[in-house]
Amino acid sequence: MTESQPGAAARKLWGGRFSRPTDALVDELNASITFDRRLARHDIMGSIAHVRMLARQAIIPAADAERIEQGLRQILGEILRGEHEFRPADEDIHLSVERRLHEIIGPAAGRLHTARSRNDQVALDFRLWTREALLQIAAGLNDTIAALLEIAARHPDAIMPGYTHVQRAQPVLLAHHMLAYVEMLFRDLDRLRDAYRRVNLSPLGAGALAGVTYPIDRAYVAEVLGFDGVCTNSLDAVSDRDFVVDLLSACALIMLHLSRLAEEIVLWSSSEFGFIELDDAFATGSSIMPQKKNPDVAELIRGKTGRVYGHLLGMLTVGKGLPLAYNKDLQEDKEGAFDTVDTVVLILRVLPPMLRTTRFRTERMLTAAGEGFTLATDVADHLVRQGLPFREAHEIVGRVVAYCVAEGKDLPDLTPEEWGRFSPILVATPPPLTPADAIAAREMLGGTGAREVAKARTRAAAAHDEWVRWVNERAAALAAVSRRLGLEDTDDGVAGGGGDRVR
Ligand code: ARG
C-alpha cells in the first residue's frame with residue numbers, strides 16, 4: 001500500500017478502483033476472517049515459498065524477499081502468541097497477513113503479491129490444510145484400529161451371538177466381530193490416502209484464473225512445499241474443490257462405520273444385552289435417575305454423523321453449477337470442512353480409550369450365543385453331511401424348532417427320543433449343539449473359526465503397521481517442509497481440533 005491512498009477507514013488492499021467504502025453489511029457478509037484465520041500458518045507457508053521463488057527467478061529484489069520472509073515469520077509468531085489483531089476490515093486471512101506485513105516492513109510488502117492472486121493463494125492454503133487434516137484423521141483411525149485389535153487379542157476365543165435383523169443368528173467370535181470393523185477402517189484409510197494423493201498438488205501459479213505473466217517456477221514452489229507436483233490447468237486449479245469433497249466423503253464413510261460400532265456399544269451396554277460395561281470415565285449419569293449409566297459417547301458418535309453428512313452435502317451443493325473459474329461461492333468451502341475435521345478428530349481421540357477400558361462380559365456373550373436356536377443351521381448342515389439335500393434338512397430342522405418353541409425347550413434340551421421323531425439320523429449321529437461346535441466348523445478363509453481368526457489378526461496387525469508407517473512418513477515429510485521454511489515448532493494443530501488456538 002502506498003502513502004498516496006485515501007483515508008485509512010475506507011482503505012482496502014484492492015481499494016484503488018473504488019471511490020466509496022463498502023457498506024458495513026457487505027463487509028460482514030463478505031468477510032471470511034472469522035473462520036479462515038485458521039489457515040494463517042498455511043497462508044504464511046505458501047507466501048514464504050512464493051517469495052523465495054520470486055527472488056530466485058529475479059522477479060523481485062532478493063533484499064525485499066528477505067525482508068518479506070522475516071516479516072511473515074514474525075507475523076506467524078504474533079498469531080501463535082495471540083498478539084495478531086484479526087480485524088473484520090481485513091476481510092480474509094490473506095489480506096490480514098498482508099496488511100500486517102505492510103505495517104512491519106513498509107512498501108516492500110507490496111511485492112509479495114506479484115504473480116499471485118488470492119484465488120490461487122486460497123486454493124493453496126486449503127490444500128495445505130486438507131493434507132494435514134487427512135493425516136490427522138488417518139492417525140486417529142490407526143489408533144482406533146489398534147484398540148480394536150487389542151480387544152481381539154485379549155479375547156481370542158470369546159464367543160458371542162452373531163446377528164441378522166438384530167435376531168440371534170449364528171455364533172461368532174468376538175474377535176471376528178472386532179476385525180469386521182478393522183476391515184472397514186482399513187478401507188477408510190485407503191480412501192484418505194487416495195484423497196491425499198489428489199490433494200497434494202500445488203495450484204500456485206494459476207494466478208486469478210489464466211496463469212501469470214512472470215517467469216515463475218511452479219515446480220520449485222511445489223517442491224519447497226512438499227507437493228508431489230502441480231495442478232496443470234490454471235482454470236481448474238483455482239475453481240474446483242473436489243479435494244474438499246474427497247475429504248468430506250471419506251469422513252462421511254468413517255462416520256458411517258463408527259456410528260455402526262457406536263450403535264452396538266449402545267445396545268451391548270443395555271441391561272437387555274449386558275455384553276459390555278463401559279468404564280466410568282466414558283459414561284455419564286442422569287440428573288434424575290440415580291441408577292443410570294448412559295453411553296453418551298457412543299450416542300454422540302452416532303448423532304454427530306448427521307452433521308458430517310450435512311457438510312458433505314453442503315460442499316457438493318456449493319460446487320454444483322459453478323461456472324469456471326473462481327466464484328465467491330467457493331469461500332463457503334471452509335467452515336463445513338473445519339467442523340467435520342474437528343468432529344472426526346475428537347471422536348477418534350475419545351473412541352480408542354473408551355474401547356480400551358470397556359469390560360467385555362464374555363460369559364454372558366457365550367450364554368446368549370447358545371440360546372435361541374443359533375445352532376439350527378449347523379444341525380441342518382449335519383443332516384446334509386449324512387446325505388440329505390439341504391432343503392429337506394432345512395425343513396426338518398424347522399419342524400424341530402417349531403416343536404421346541406411349542407414345548408418351551410431349546411435344542412440342547414431335546415432327548416434322543418425327541419430327536420428321533422424328526423429324523424433317525426439325529427439319533428444315530430448326534431448333531432452339533434454347542435457354540436464352540438459352530439465356531440470350529442467354520443475354519444475357512446473369512447470365517448469365524450478360531451484358527452482363521454488368529455490368522456486374520458496377524459494379517460491385520462501387519463497391515464496396521466504399514467498404515468502407521470505411511471502416516472509417520474508423510475508427517476515427517478510435512479515436518480521437513482516446516483523446517484525448510486524456517487517454521488519449525490509452529491505446528492499449532494490447526495488442521496484438526498486446534499482452530500481456537502489461532503486467535
Ligand atoms: N476469502 C476468499 C475465499 O475463501 C479468498 C479468495 C478471494 N478471491 C476473490 N477473488 N475475492 O475464497
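Keep in mind that the numbers below use all heavy atoms, side chains included, and drop hydrogens, waters and symmetry copies. Atoms within a ligand are numbered from 1 in the order they appear, just like the ligands themselves. These numbers come from a predicted model, not from an experiment.
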Enumerated ligand 1 atoms positioned under 4.0 Å from heavy atoms of D92: 1 (N), 2 (C), 5 (C)
Atoms of ligand 1, numbered as shown, that sit under 4.0 Å from any heavy atom of S32: 1 (N)
Polar contact flag, side-chain donor to acceptor under 3.5 angstrom, S47-R116: yes
Polar side chain donor-acceptor pair, E264 to H177, under 3.5 angstrom: yes
Which residue holds the protein heavy atom closest to [atom], what is that atom called, and what is the gap in Å?
atom                    : value
atom 1 (N) of ligand 1  : Q331 OE1, 2.7 Å
atom 11 (N) of ligand 1 : R118 NH2, 3.8 Å
atom 12 (O) of ligand 1 : Y326 OH, 2.5 Å
atom 8 (N) of ligand 1  : N119 OD1, 2.9 Å

Neighbour count above 12 (heavy atom, 6.0 Å) for K320 NZ: no
Kindly indicate whether a cation-pi arrangement holds for [X] with [Y], taking the cut-offs as under 6.0 Å to the six-membered ring centre and within 45° of the axis.
X    : Y    : answer
R38  : F338 : yes
R37  : F86  : yes
R131 : F227 : yes

Polar proximity ligand 1 side, H94 side, N/O cut 3.5 Å exclusive: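 It does not: no N or O of H94 is found under 3.5 Å from an N or O of ligand 1.
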Side chain, backbone, both or neither: K334 near ligand 1, heavy atoms under 4.0 Å: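 Answer for K334: side chain.
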